[in-house]
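In the text below, chain A, chain B and the rest are named by the order of the sequence lines, each starting its count at 1.
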2 protein chains.
Amino acid sequence: MDVFEAVAEPNRRHLLSLLAERDRTAGELVDSLPTLTQPAVSRHLRVLREVGLVEVRPDGQRRIYALKPDGLQRIDDWITPYRRFWRNHLDALQQHLENR
Amino acid sequence: MDVFEAVAEPNRRHLLSLLAERDRTAGELVDSLPTLTQPAVSRHLRVLREVGLVEVRPDGQRRIYALKPDGLQRIDDWITPYRRFWRNHLDALQQHLENR
DNA sequence: ACGCCATATACACTTGTGCTTATATACGCC
DNA sequence: GGCGTATATAAGCACAAGTGTATATGGCGT
């Protein structure tokens, strides 16, 4: 599984948004997704780990998850060449509005 | 299927990159993905259409596909809040290098 | 009208993903 | 050591995604 497939899953995006606020233990993350069971969340965290989007550090019997900056940058790099398209589009729209 | 799942597929990302260069007919796109059959490419194009990443205009019996700017912007909007993470990370690295 | 070319859809099949239940691992505390 | 807690893995299942073959649709040229 690669980074793109990893973020294609809504629950995983939710986990990322939670970790963007602050680091959290696996247990906290499980509690934050009440529609899923503990093993389901654990598997999602494993995926996020394997694609390098999060990292874990042990804290006694807890595991503290943290966002890893590098992973999403690969998506950002991919999207960069496309960005000019909607930039151009917006510019054209703006000019149209100004000129009428 | 949503935008994230749409771009999670490598062949679809390939199609998008081809359309970023210039508009192309369905046939040209089929020829550009020699590992896939014509119906397979057609299905991928359908997905890209349905999530608003591309648009089609008829040209006789051909269909000309073009990139649609709005679609990818939704992913860009999503990634924006995370961007500061690797910005901060890079800044810290840069400072570290400058101060040594 | 007929046949050809370009594209889309139907159907069947395979594989992968996400899920739940059950179980293993491992740490902390008594 | 034994027990409860925190987390990960295993096994099995349902469903969706991707693909190929076969077929339909529809415009074009003669």
Side-chain angles (χ1 to χ4, degrees), chain A residues 1-19 22-68 71 75 78, chain B residues 1-19 22-68 71-72 74-75 78:
Chain A
M1 170 129 18
D2 68 343
V3 189
F4 289 92
E5 294 175 23
V7 303
E9 220 287 327
N11 291 312
R12 287 196 286 264
R13 287 204 299 280
H14 190 193
L15 289 171
L16 291 177
S17 76
L18 291 167
L19 293 175
R22 53 180 164 84
D23 298 357
R24 297 184 195 242
T25 66
E28 288 178 300
L29 295 171
V30 170
D31 295 342
S32 302
L33 281 86
T35 65
L36 293 186
T37 60
Q38 177 266 322
V41 177
S42 187
R43 276 196 78 86
H44 283 309
L45 290 172
R46 177 198 242 268
V47 171
L48 293 174
R49 249 183 294 139
E50 287 176 350
V51 302
L53 284 175
V54 304
E55 60 189 357
V56 204
R57 59 177 188 276
D59 175 37
Q61 50 186 338
R62 322 262 173 106
R63 302 284 182 116
I64 299 182
Y65 280 83
L67 206 60
K68 219 176 154 191
I75 296 186
W78 168 77
Chain B
M1 172 135 7
D2 68 343
V3 190
F4 289 92
E5 294 176 22
V7 302
E9 220 286 328
N11 290 313
R12 287 197 286 263
R13 286 203 300 280
H14 191 195
L15 289 171
L16 291 178
S17 75
L18 291 168
L19 293 176
R22 53 180 163 83
D23 298 357
R24 298 184 194 241
T25 66
E28 289 177 301
L29 295 171
V30 169
D31 295 343
S32 303
L33 282 85
T35 65
L36 293 185
T37 60
Q38 177 267 321
V41 177
S42 187
R43 278 196 75 86
H44 283 309
L45 289 172
R46 178 199 242 267
V47 170
L48 292 175
R49 249 184 293 138
E50 287 176 350
V51 302
L53 284 175
V54 304
E55 60 188 357
V56 204
R57 60 178 188 277
D59 175 36
Q61 49 186 340
R62 320 264 173 105
R63 303 284 181 114
I64 299 183
Y65 279 82
L67 207 59
K68 219 176 155 189
L72 283 176
R74 291 202 16 225
I75 295 186
W78 168 77

> Please report the distance, rounded to the nearest Å, between CG in A:N11 and C1' in C:dC19.
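Rounded to whole Å, this separation is 11 Å.
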> Closest to the B:Q61 side chain: D:dT19, C:dT20, D:dG27?
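Output: D:dG27.
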> Take the protein atom CG of B:L15 and the nucleotide atom P of C:dT7, then report the distance between them rounded to whole Å.
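The answer, rounded to whole Å, is 13 Å.
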> Quick one: on DNA chain C, does A:T35 or B:T25 contact a more 5' nucleotide (nearest heavy atom)?
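In this pair, the answer is B:T25.
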> Judged by atom type as modelled, is there a donor-acceptor pair below 3.5 Å linking the side chain of B:R57 to the main-chain atoms of B:Y65?
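No, the answer is negative, given that no donor and acceptor are paired below the 3.5 Å cut-off.
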> May I ask you to verify if any side-chain N or O of A:H44 is less than 4.0 angstrom from the OP1 or OP2 atom of C:dT17?
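A:H44 to C:dT17 OP1/OP2: no side-chain N or O under 4.0 Å.
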> For the side chain of A:E9, counting heavy atoms from C-beta on, which of D:dG18, C:dC19, D:dA6 is nearest?
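Minimum distance to the A:E9 side chain belongs to C:dC19.
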> OP1 or OP2 of C:dT7 sitting under 4.0 Å from any side-chain N/O of B:R46?
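For B:R46, the contact criterion (side-chain N or O under 4.0 Å from OP1 or OP2 of C:dT7) is not met.
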> Atom CZ of B:R24 to atom P of C:dA6: distance rounded to whole Å?
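In whole Å, C:dA6 P lies 17 Å from B:R24 CZ.
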> For B:R63 and C:dC5, what is the distance between atoms CZ and P respectively, to the nearest whole Å?
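Spelled out: CZ on B:R63 to P on C:dC5 is 19 Å.
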> Rounded to the nearest angstrom, tell me the gap between atom CZ in B:R43 and atom P in C:dC11.
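To the nearest whole Å, that distance equals 12 Å.
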> Judged by atom type as modelled, is there a donor-acceptor pair below 3.5 Å linking the side chain of A:R13 to the main-chain atoms of A:V7?
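Checked: pair present.
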> Ignoring backbone atoms, establish whether A:S42 has a side-chain N or O less than 4.0 Å from OP1 or OP2 of D:dT7.
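False: A:S42 side-chain N/O out of range (4.0 Å or more) of D:dT7 OP1/OP2.
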> Between C:dT7 atom C1' and B:I64 atom CD1, what is the distance in whole Å?
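That distance rounds to 13 Å.
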> Remember a base hit wins even if backbone is also touched, and classify B:P39 as base, sugar-phosphate or nothing at under 4.0 Å, heavy atoms.
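Base, at least one base atom sits under 4.0 Å.
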> Within this structure, what is the CG-to-P distance between B:L36 and D:dG18, rounded to whole angstrom?
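Computing the B:L36:CG to D:dG18:P distance gives 11 Å.
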> Give the rounded distance in Å between these two atoms: CD of B:E50 and P of C:dT9.
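For the pair B:E50 CD and C:dT9 P, the rounded distance is 9 Å.
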> Decide yes or no, distance alone: a donor-acceptor N/O pair under 3.5 angstrom between the base of D:dA8 and the side-chain of A:Q38.
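Yes, the side chain and the base share a sub-3.5 Å donor-acceptor pair.
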> Just by modelled atom types, is the A:E5 backbone N or O under 3.5 Å from a matching donor or acceptor in the A:R12 side chain?
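Here the side-chain-to-backbone pair exists.
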> Heavy atoms only, 4.0 Å cut-off, all strands: where does A:A40 land among base, sugar-phosphate and nothing?
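Base, at least one base heavy atom under 4.0 Å.
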> From C-beta outward on B:A26, which listed nucleotide comes closest to its side chain: C:dC19, C:dT7, D:dA17?
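Nucleotide nearest to B:A26's side chain: C:dT7.
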> OP1, OP2 of C:dC19 versus side-chain N and O of A:T37: anything below 4.0 Å?
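False: A:T37 side-chain N/O out of range (4.0 Å or more) of C:dC19 OP1/OP2.
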> How far apart are the closest heavy atoms of B:G71 and B:V3, and which atoms are they?
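Taking B:G71 first and B:V3 second, the nearest heavy atoms are O-CG1, 3.9 Å.
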> B:S32 and B:P34: which non-hydrogen atoms are nearest, and at how many Å?
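Result for this residue pair: O-CD, 3.2 Å.
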> Check this one for me: any side-chain N or O of A:Y65 less than 4.0 Å away from OP1 or OP2 of D:dA6?
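Negative; the distance criterion is not met.
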> Between A:G60 and A:E5, which residue's closest nucleotide on DNA chain C lies nearer the 5′ terminus?
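Looking at the nearest nucleotide for each, A:E5 comes out on the 5' side.
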> Ion pair present between A:E9 and A:R43, side-chain N to carboxylate O less than 4.0 angstrom?
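The answer is no: the pair does not qualify as a salt bridge.
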